[in-house]
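Throughout, numbering of the chain's residues begins at 1 and tracks the sequence.
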Amino acid sequence: MPHVQVRSLSVWYGSAQVLKDITVDIPDRQITCIIGPSGCGKTTLLKSLNRLLELTPHARVRGRVLVDGEDIYADHVDVVHLRKKMGLLSQKPQPLPMSIYENVAFGPRVHGMRSRKELTSTVEHYLRAAGLWEEVKERLHEPAAQLSVGQQQRLCLARGLAVEPEVILCDEPTAALDPVSAQTIERRFRELSQDYTILVVTHILRQAKRLADHVLFMYMGELVEAGPARQIFDAPSHPQTQAYIRGDIS
């Protein structure tokens with residue numbers, strides 16, 4: 001059974017319906033790219049997977065999102081534990097106002113890790129996983145704000161990995177980055193997909209073609225087509241998907 005299953009999911013912001021009866025399984029340990037025109041519901045779908053929609057005023061959800069078989073919208077669900085499973089990498093890097101070391105150690109500390117030796121080992125491990133260790137190993141106690149934007153995004157990735165999620169949710173994670181930093185993040189995603197289920201919202205079709213193992217194409221709040229990346233990009237079955245891939249819909 002996949003980690004993440006969506007069943008008949010609809011979302012409203014006030015009276016405006018932005019997701020319409022979405023049903024889909026997210027393949028484990030693959031990169032799934034969510035593509036489609038601006039305003040089609042990509043980010044809303046992503047945020048529905050770890051209940052971040054609750055932070056949006058007047059958002060209303062109907063349907064089910066199952067993570068490891070448990071409906072995350074059930075009343076008894078521990079949202080803190082859920083968000084530990086479902087890490088989020090935002091479009092704009094948001095390092096905590098503390099040192100590089102403390103950014104990565106923050107999550108493990110919250111979840112009970114106290115040993116300095118264990119914390120230091122954890123910080124190194126996840127900075128390496130994010131491809132940042134060699135660049136910062138001599139400056140761990142400097143403010144994270146002194147890093148470049150690309151380095152900050154990799155630090156945020158390391159911070160998210162340090163709480164050992166099962167799934168990484170990425171909302172246009174390279175939109176604020178220069179091309180070299182974006183390529184570094186993409187390489188990390190390819191490596192991390194061996195161990196994590198990764199969902200990437202992207203408005204860059206070329207990026208989706210480089211990254212995706214699986215693709216969801218959305219249009220006007222509906223899931224139009226989903227399937228293996230090669231099938232979606234080379235032989236889409238729906239006319240709207242065909243038009244988007246050709247560039248007729250933007």
Legend entry - Sidechain N-carboxylate O distance under 4.0 Å for E134, R128: yes
Legend entry - Electrostatic pair R154-E135, nearest N-O below 4.0 angstrom: yes
Inset, instruction - Output every pair passing salt bridge (Lys or Arg N to Asp or Glu O under 4.0 Å) with a member in residues 211-224, not counting sequence neighbours, ordered by first then second residue. - result: R190-D213
Inset, instruction - Any salt bridge (Lys or Arg N to Asp or Glu O under 4.0 Å) involving residues 193-212? Give me the pairs, sequence neighbours left out, ordered by first then second residue. - result: E186-R210
Inset, instruction - Supply the members, apart from V79, of the Ile/Leu/Val/Met/Phe/Trp/Tyr cluster built from side-chain contacts under 4.5 Å; use none for a lone residue. - result: none
Legend entry - Shared-cluster residues of V180, by chain and number - hydrophobic side chains joined below 4.5 Å: none
Legend entry - Distance-only side-chain donor-acceptor flag, H214 / Q231, under 3.5 Å: no
Inset, instruction - Using distance alone, with no hydrogens and no angle criterion, decide if Y13 and T44 have a side-chain donor and acceptor under 3.5 Å apart. - result: yes
Inset, instruction - If a pair satisfies side chain to side chain donor-acceptor pair (under 3.5 Å) and one of its residues is in residues 92-102, list it, with sequence neighbours excluded. - result: Y101-T120, E102-R109
Inset, instruction - Mind checking side chain to side chain donor-acceptor pair (under 3.5 Å) for R139 and listing every partner two or more places apart, or none if nothing turns up? - result: E142
Inset, instruction - Could you tell me whether a side-chain N or O of T56 sits under 3.5 Å from a main-chain N or O of A59, the two making a donor and an acceptor? - result: no
Inset, instruction - Could you tell me whether the side chains of Q207 and T174 share a donor-acceptor contact shorter than 3.5 Å? - result: yes
Legend entry - Main-chain N/O of D171 paired to Q91 side chain as donor or acceptor, under 3.5 Å: no
Inset, instruction - Give a yes or no on whether I26 and L66 share a hydrophobic cluster (residues Ile, Leu, Val, Met, Phe, Trp, Tyr; joining criterion: side-chain heavy atoms under 4.5 Å apart). - result: no
Legend entry - R83 bridged to D78 by N-O distance under 4.0 Å: no
Inset, instruction - Could you tell me whether R7 and D71 make a salt bridge, using a distance below 4.0 angstrom between a side-chain N and a carboxylate O? - result: no
Inset, instruction - Examine distances only and state if a side-chain atom of S10 and a backbone atom of K20 form a donor-acceptor pair shorter than 3.5 Å. - result: no
Inset, instruction - Verify whether one side chain among T202 and E172 offers a donor that lies under 3.5 Å from an acceptor in the other. - result: no
